[in-house]
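The structure displayed is predicted, hence computed values, not measured ones. Order of the sequence lines sets the chain letters (A, B, ...), proteins ahead of strands, with each chain counted from 1.
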Amino acid sequence: MADEKKTLVKVEHLKEYFNIKTGMFKSTPLKAVDDVSFEIKKGETLGLVGESGCGKTTVGRTILRLYEPTDGKIFYDGVEIKSKASLKEFRKKATMVFQDPYSSLNPRMTVTDIIAEPLDIHKLCKTKEERKARVLELMDYVGLNSEHAVRYAHEFSGGQRQRIGIARSLAVNPEFIVCDEPVSALDVSIQAQVINMFDELQDRLGLTYLFIAHDLLVVRHISDRIAVMYLGRMVEMGEAQEIYNHPMHPYSKSLLSAVPVPDPKIARANKRIVLEGDIPSPLNAPSGCPFRTRCRYATEACAESMPDFNDVGGGHFVACHRVAEIN
Amino acid sequence: MDHLLEVNHLKTSFFTNAGEVKAVNDVSFTLDRGKVLGIVGESGSGKSVTAYSIMQILAPTGKIVGGSVLLDGEELVGASEKKMKEVRGNKISIIFQDPMTSMNPTYTVGHQLEEAIMLHTNRNREQAKARAIEMLRLCNVNEPEKRVKQYPHEHSGGMRQRCMIAMALACEPDILIADEPTTALDVTIQAQILELMKSLQEELGMAIIMITHDLGVVAQLCDEVIVMYAGGICEHGTADEIYYNPKHEYTKGLMRSIPTADTAGHKLQPIEGTPIDLLNMPKGCPFAPRCENALKVCITHAPCKVRINENHTSSCWMCIKEGLEAGTMKPEDLPEDAREVLING
């Protein structure tokens, strides 16, 4: 089914290196994202999961060109996003919802001004009345009352603030939204409200999401496909249920088994694959496969070369030398 | 049997410029040796303040305004600071959520561990050092001899949380309070820390109070669960009772709102509304404004605690109503005016 839909976002061999000063005259590249390729179809939600420092946020930000990519290409609707001129047009179609609803809203602006800022920048409203009407429409989309329009951000709870942030990202009528951990700062009961809202907005406005999160239960719920990242590399990608039920990469396996299931009986019976050690520093990543230092299946071959990101069938991609042997 | 810890009608308030905030409002529970008690709730539900009240490490504006905390039969509320210093660390230890800020960045990890050990035991620096290394090894820290000479910034988050656990356990407390110990950590590291806490608990036989908002974490570790909302306990029972037989509308709502394997492709069922403002507490049940099954009596009267079975209590008018219908509760047990509203409303 997914094949019939057209590709909206295509990322090819994306690399994002940050230069970190490691001495007075020396700097070392920190490979935040290293050779990542994927596609997102129109109307789809791609979940991007991984632990802190794996580069998932950097992927999201680089796609929107908040960071200049070191190498690689980004296509949106078949057109490569390159020049500054195409960037402004692009940002009318692709927006972002940020993680922290406390620091991503200007405390000195009213809700109206926050939501209307993208409208002002892109000069989308000709008259004041039009602007006001559009802001009220957007507030209605996200379940805020019109009386909230003249208030300031600090007067709202976390969940309501996140709604304001979402209304702002919807202002330009985007097709594609990068959601960077949009519900991690919220309480469980509020989290479910906001997730439902993302669902409803997708149905209503035909949105495409790149949904970045570390909460695997949330990602499974909302995503059509899921990509797993580790140390700047994509290690596995496939249909959401397929990844959850039959993870093939040893890292995805242990990541999924580490998720605390809210069910005491399952929790007691569950044999977790507890990984040894910590994530290596991306400044000093291991040679070959990045996961080999914590992988119990690692052999010498894993230290020599980076495994290819291969389709093992049905659009399920895995980057592991020993994928055939261990599954 | 005497309980290790007995909290009775504990009330803690913060006196702010805007008025009195009743952060903990009439909380009672007991904890026995070797048990793991989970306290779950959303931000502002009073779960951390309950723990801080037991330890008496509240912010200056906070004050225990009522109730008692008995540790091994000894009253802690109103005890002298000298007495509390003996309790903290020796009898009850706490680990905090953020391992990044709970250590002093200007001293080595070893120094901080030794400091804690020397303060509470009669060991000298040498012995304390040996004990620190021993504790770190117990907490699965690799190369503890090397680690004690390092500063906190040289450790990862998971490693720092291990050091905090080592510090908390160095004096073999009877109770370990863990205030969201894994919230700041990644899932694979969280799994390591939970495994560690579980094995240490079995090895050392201490009791743990696990404070978290994550129902998954509670399910991994806890024997008993308390669900808090707006400073009060809404439901209390064994883990199995709370997860498989929730009675309070809030607990039911929480359980429903978690995404699971079955919800993919469907809508989640959130709890509508926003968390309560503690400065404007309603007269009746604090959850009533968000409760879809709220009765008339829920708005006018606060519910009393109902025993569902020997392992389970709940404070919800729905349970009281069911109890009356089933005959397990008598109308005489209720205050007269509340009874009127319940039956006629």
Side-chain angles (χ1 to χ4, degrees), chain A residues 49-54 143 156-160 185-197 199-200 214-224 240-241 244-245 251 254-268 270 272-281 294, chain B residues 40-45 140 142 155-159 182 184-192 194-196 212-223 225 238-240 242-244 250 253-261 263-275 277 290:
Chain A
V49 296
E51 298 180 87
S52 39
C54 72
F156 295 90
S157 65
Q160 283 173 314
L186 307 177
D187 275 317
V188 200
S189 69
I190 306 299
Q191 192 171 303
Q193 291 177 3
V194 175
I195 292 170
N196 275 353
M197 201 176 69
D199 259 347
E200 278 155 26
H214 67 266
D215 186 329
L216 292 135
L217 295 174
V218 168
V219 172
R220 173 175 61 181
H221 176 80
I222 203 162
S223 308
D224 300 307
Q241 291 308 326
Y244 270 86
N245 298 334
Y251 176 64
S254 58
L255 187 68
L256 289 168
S257 81
V259 177
V261 193
D263 186 325
K265 280 183 187 151
I266 294 177
R268 271 174 231 138
N270 190 9
R272 266 178 280 176
I273 311 168
V274 176
L275 283 180
E276 298 292 320
D278 283 317
I279 308 170
S281 157
R294 296 171 83 192
Chain B
V40 285
E42 297 178 73
S43 18
S45 63
N140 290 342
N142 283 332
H155 290 200
S156 64
M159 204 51 88
T182 57
L185 306 175
D186 280 313
V187 249
T188 59
I189 309 297
Q190 166 171 288
Q192 291 175 1
L194 292 179
E195 276 307 94
L196 173 70
T212 176
H213 65 269
D214 189 332
L215 287 159
V217 169
V218 173
Q220 311 297 304
L221 217 58
C222 299
D223 307 308
V225 183
T238 58
D240 284 13
I242 297 289
Y243 279 83
Y244 303 125
Y250 175 61
L254 271 188
M255 298 289 171
R256 274 199 301 264
S257 64
I258 312 171
T260 65
T263 61
H266 301 280
K267 285 262 137 49
L268 291 174
Q269 297 178 33
I271 302 175
E272 295 301 335
T274 51
D277 175 8
R290 295 176 74 186

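With contacts defined as side-chain heavy-atom distances shorter than 4.5 Å, the pair B/Asp223/B/Thr238 does not qualify.
Contact annotation for A/Leu275: both backbone and side-chain heavy atoms come within less than 4.5 Å of a heavy atom of chain B. Interface residue B/Glu272: backbone and side-chain heavy atoms are both found under 4.5 Å from chain A. Within the 4.5 angstrom heavy-atom criterion, no atom of B/Tyr250 approaches chain A. Residue contact with chain A, scored on non-hydrogen atoms closer than 4.5 Å, involves the side chain of B/Arg290 exclusively. For A/Leu216, the part lying near chain B is the side chain, with the backbone staying farther off; criterion is any non-hydrogen pair under 4.5 Å. Heavy atoms of A/Ser52 lying under 4.5 Å from chain B belong to its backbone as well as its side chain. Only the side chain of A/Ile279 comes within contact range of chain B, with heavy atoms under 4.5 Å apart.
For A/Lys265 and B/Tyr243, the positive end is not near the middle of the six-membered ring at less than 6.0 Å and at most 45° from its axis.
Looking at B/Asp240 and A/Arg268, a side-chain N of the basic residue comes within less than 4.0 Å of a carboxylate O on the acidic one, giving a salt bridge.
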Step-by-step side chain to side chain contact (heavy atoms under 4.5 Å, CB included) determination, B/Ser43 to B/His213: CA-CA 8 Å; B/Ser43 18; B/His213 65 269; over 6 Å; no
Would you sort out whether B/Thr188 and A/Glu51 count as a side-chain hydrogen bond (donor to acceptor under 3.5 Å, both in side chains), showing the intermediate values? CA-CA 8 Å; B/Thr188 59; A/Glu51 298 180 87; 2.5 Å; yes
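Residue with the most contacts toward chain A among B/Ile271, B/Asn140, B/Leu268: B/Leu268 (heavy-atom pairs, distance under 4.5 Å). Comparing A/Ser223, A/Gly53, A/Pro260 by how many heavy-atom pairs each has under 4.5 Å with chain B, the most go to A/Pro260. Interface summary for chain B: among A/Asn196, A/Ile195, A/Val274, A/Val188, the most heavy-atom pairs under 4.5 angstrom belong to A/Asn196. For the set A/Ala258, A/Pro264, A/Ala267, the count of heavy-atom pairs under 4.5 angstrom toward chain B peaks at A/Pro264. When each of B/Glu195, B/Arg256, B/Met255, B/Gln269 is checked for heavy-atom pairs under 4.5 Å with chain A, B/Glu195 comes out on top.
A/Asp263 approaches B/Ala219 most closely through the heavy-atom pair N-CB, 3.6 Å.
Evaluation of the side chain to side chain donor-acceptor pair (under 3.5 Å) rule for A/Arg220 yields no partner, not counting sequence neighbours. Take A/Asp215 and apply the side-chain contact (heavy atoms from CB on, under 4.5 Å) test, not counting sequence neighbours, and it matches A/Gln191, A/Leu217, A/Val218.
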